[in-house]
Amino acid sequence: MKLPDPFFPVMIAFFAARRLMPSPSPSALALLLSVLAAAPAGAAPSADALATVAERSGFQRTGRYEEVQALCDAFQARWPDAVRCQDFGRTPQGRPMKVLVVSRSGALDPQAAHAAGLPVLLVQGGIHAGEIDGKDAGFLALRELLSGKAGKGLLEKQVLVFVPVFNVDGHERFGAWNRPNQRGPEQMGWRVTAQGYNLNRDYMKADAPEMQAMLRLVQAWDPVAAIDLHVTDGAKFRHDVAIQVEPAYAGDAELRVAGRGFRDAVIADLRKRGSDPLPYYPSFVVNDDPASGIADGVSTPRFSTGYFLQRNRFGMLVETHSWRDYPTRVAITHDTVLAVMRQVAAHGSDWLRLQHAADARAAQLAGQAVTLEYKASAVERIVDFHGYHYTRTPSDVSGTLMTRYDESQPETWHMRLFDDVQPKVTAVAPLAGYLVPAEYAASVGALLALHGVEFRVLPAAQAATGAWRADEATPEGKSNEGHQRLKAKGSWRPEARTLGAGALYVPVAQAKSRLLMGLLEPDAPDSLLGWGEFNNAFEQKEYMEPYVAEEVAREQLARDPALAKEFAERLRSDAAFAADPQARLDFFYRRHSAWDERYRLYPVLRTDVEPPR
Ligand SMILES: [Zn+2]
């Protein structure tokens, strides 16, 4: 068969793909055949304008960001009644952040979508720009949807908000080996932003301008589900994609039921199309050792899948397997996007109703125990896992045991799976809310507003009923996302303190109560305290010279026989104390009025009584 010239690369790619793929995926085959079938004798210029570099190269390459900009405009020009191409932000290097709003419902802005009661679906590619399957799969799926080749009727029932590349500057740090454990495309972008932020650690603290733009987009559209498209790192095995949804283990109990249904339906749909999906992230308990098993869990809210559950909305993490080649991965991601859209079309209205009911329940959490973090228990079960034969042998390179996978020998592993996910950290919500002192009102207020958390500024002084004090507070040794995180152990205690005018009152009685507790409860894994935003409060700022403390000690001992007895008892019973001159002097300094009573006091307070309006 003589093929038109432009499609030779497609065929070459296809055969190259077969060689690379131990078991060619039917999805990849179908995708390549559809690209071939779509080749008209004389290709229409408009069709060419809407095909990606990826498609034209047989999914060997991916385009640069200028292609996203051009396609965004071209899609709107081709389907002006169904597509809006918009900028939703600007990156630190000055590039526009592009979003395509796509629907055949006539509702192409948030107000119209919400007024019509239409479910909004957010699909984002390239949060890690080297994992760029979502961009090319998304454009392909969009073209099929809009031209009526796939998913008939889906765009009538929902609004798709498609961000082809979230980490735009990272996408333009283009190179051949940015993902050394990933098969294709030939060159790709970089994991983090130009400022070095990993956006999938930034959902709560929102340091990156890109994340701030994304949170504004999320707040405006309020999607029923946010789909985050990635490619795994890690081991070699035959499963080709992992699909996780929350709420499933975490968040509102009724939403979990619907969340599991959503996940299972997408997995079933993918399986029908020849994929071999997993419902959990395939990383081993002990790195590089498959025998250690896999622990399922709930991502903390710094991650997309942990974040959306805090808003009582669905978050889905899609991870295609990095050792599948690019044509296969794009095909699976394309199938996933369409499978998700079928679910949104079928259940989106129910989900809206469920999520609004969950919002109402979240506003009633005052005084209840709320889980802030989850962990799989030690309970395990054995599951069949589609792996390869492997050996673990000593390596003369690394000097340690190293796993070697043989991709020519499929093998079923009897995998230990730890999926009994239980609460790890809980906190009782305050009866009324939190009080943020005036000196932190600007910074904390800006972040709360970005997340859509409601609060008000108090015009007069306000009494608090509880304060959190740390018994231990140690900054982590290693910088994390540019932060010095704080490990603090402490508790809320009844304490009468008064904050001056200009403090913020953040009520628990609101839909985003989980989210605000995730930011303001000190023990929450992504709290502002945990990210080191209040480290000043945990540094000792004033000291008493030892010779002064010595005098103070003698005065206190002479004045207070009970204290003298307590000191003597402590010397007898606590050898470490007795051997530590500074601790012995601090024993007295802490009882002196010069002692800083705010040392290790978390500046945010709680109140059990709603402040007057
Ligand atoms: Zn990723």
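Residue indices begin at 1 and follow the sequence shown. Computed from a predicted model, the values in this text were never measured in an experiment.
Counting only N and O atoms by type, the side chains of Tyr249 and Asp296 include a donor and acceptor under 3.5 Å apart. Between the side chains of Asn535 and Glu533, no donor-acceptor pair of N or O atoms lies under 3.5 Å. No side-chain N or O of Gln484 forms a donor-acceptor pair with one of Trp531 less than 3.5 Å apart. Side-chain N/O atoms of Arg84 and Gln86 include no donor and acceptor closer than 3.5 Å.
When each of Phe262, Tyr307, Phe308 is checked for a ring pair (Phe, Tyr, Trp, His ring centres under 6.0 Å) with Phe314, only Phe262 meets the rule.
Residue pairs meeting the salt bridge (charged side-chain N to carboxylate O under 4.0 Å, His left out) criterion with at least one member in residues 444-460, sequence neighbours excluded, are Arg456-Glu610. Under the side-chain hydrogen bond (donor to acceptor under 3.5 Å, both in side chains) criterion, the residue pairs touching residues 505-516 are Asn312-Arg514, with sequence neighbours excluded. Here salt bridge (charged side-chain N to carboxylate O under 4.0 Å, His left out) pairs that include residues 433-453, with residues two or more places apart or in two chains, number zero. Pairs engaging residues 440-449 under the salt bridge (charged side-chain N to carboxylate O under 4.0 Å, His left out) rule: none recorded [sequence neighbours left out].
Side chain of Thr91 to backbone of Asp169: no donor-acceptor contact under 3.5 angstrom is found. Checking side-chain atoms of His347 against main-chain N and O of Gln343 turns up no donor-acceptor pair under 3.5 Å. With hydrogens and angles disregarded, a donor-acceptor distance shorter than 3.5 Å links the side chain of His356 to the backbone of Leu352.
Counting non-hydrogen atoms of other residues, nucleotides and ligands closer than 6.0 Å to CG of Asp471 gives a total above 12. No more than 12 heavy atoms of other residues, nucleotides or ligands shown are found within 6.0 angstrom of CZ on Arg613.
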Give the C-alpha distance, both sets of side-chain angles, the deciding distance and a yes or no for side-chain hydrogen bond (donor to acceptor under 3.5 Å, both in side chains) between Arg173 and Gln93. CA-CA 11 Å; Arg173 186 174 165 185; Gln93 290 186 331; over 6 Å; no
Does the pair Lys541 and Asp596 meet the rule for a salt bridge (Lys or Arg N to Asp or Glu O under 4.0 Å), with working shown? CA-CA 8 Å; Lys541 300 294 188 178; Asp596 177 9; over 6 Å; no
Go through Arg313 and Asp359 one step at a time and tell me if the salt bridge (Lys or Arg N to Asp or Glu O under 4.0 Å) criterion holds. CA-CA 9 Å; Arg313 303 293 180 265; Asp359 286 350; 3.0 Å; yes
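Smallest separation of non-hydrogen atoms from Ala113 and Val120: CB-CG2, 4.0 Å. Summarising the geometry of Val165 relative to Gly126, their closest heavy-atom pair is CG1-O, 4.2 Å, with the distance given to 0.1 Å. Shown here for Gly518 and Ala524, the closest heavy-atom pair between the two residues is O-CB, 3.4 Å. In terms of heavy-atom proximity, Glu172 sits nearest to Tyr65 at OE2-N, 3.0 Å. Contact record, Thr305 with Ser299: OG1-OG, 3.6 Å, taken as the closest heavy-atom pair.
Tyr543 pairs by the ring pair (Phe, Tyr, Trp, His ring centres under 6.0 Å) definition with nothing, not counting sequence neighbours.
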Side-chain polar contacts of residues 224-232 - donor-acceptor pairs under 3.5 angstrom, sequence neighbours left out - could you list them?
from   : atom 1 : to     : atom 2 : distance (Å)
Asp228 : OD1    : Gln124 : NE2    : 2.9
Asp228 : OD1    : His230 : NE2    : 3.3
Asp228 : OD2    : His230 : NE2    : 2.8
Asp228 : OD2    : Ser304 : OG     : 2.6
His230 : ND1    : His128 : ND1    : 3.2
His230 : ND1    : Glu131 : OE1    : 3.1
Thr232 : OG1    : Thr320 : O      : 3.4
Thr232 : OG1    : Ser322 : N      : 3.1

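With respect to Lys424 and Glu373, a salt bridge is recorded, a charged nitrogen being found less than 4.0 Å from a carboxylate O. By the 4.0 Å N-to-carboxylate-O rule, Asp233 lies close enough to Arg179 to be salt-bridged with it. Ion pairing between a basic and an acidic side chain is recognised when a charged N comes within 4.0 Å of a carboxylate O; Glu495 and Arg497 show such pairing. Taking a cutoff of 4.0 Å between a charged side-chain nitrogen and a carboxylate oxygen, Arg469 and Glu597 qualify as a salt bridge. Between Arg361 and Glu254 there is a salt bridge, since at least one side-chain N of the basic residue sits less than 4.0 Å from a carboxylate O of the acidic one. A salt bridge links Arg342 with Asp269; the closest basic N to acidic carboxylate O contact falls under 4.0 Å.
Remark: Arg606 fails to qualify as a cation-pi partner of Trp468 under the 6.0 Å distance and 45° angle criteria applied to the six-membered ring.
In this structure, Phe139 has its ring center under 6.0 Å from that of Phe162.
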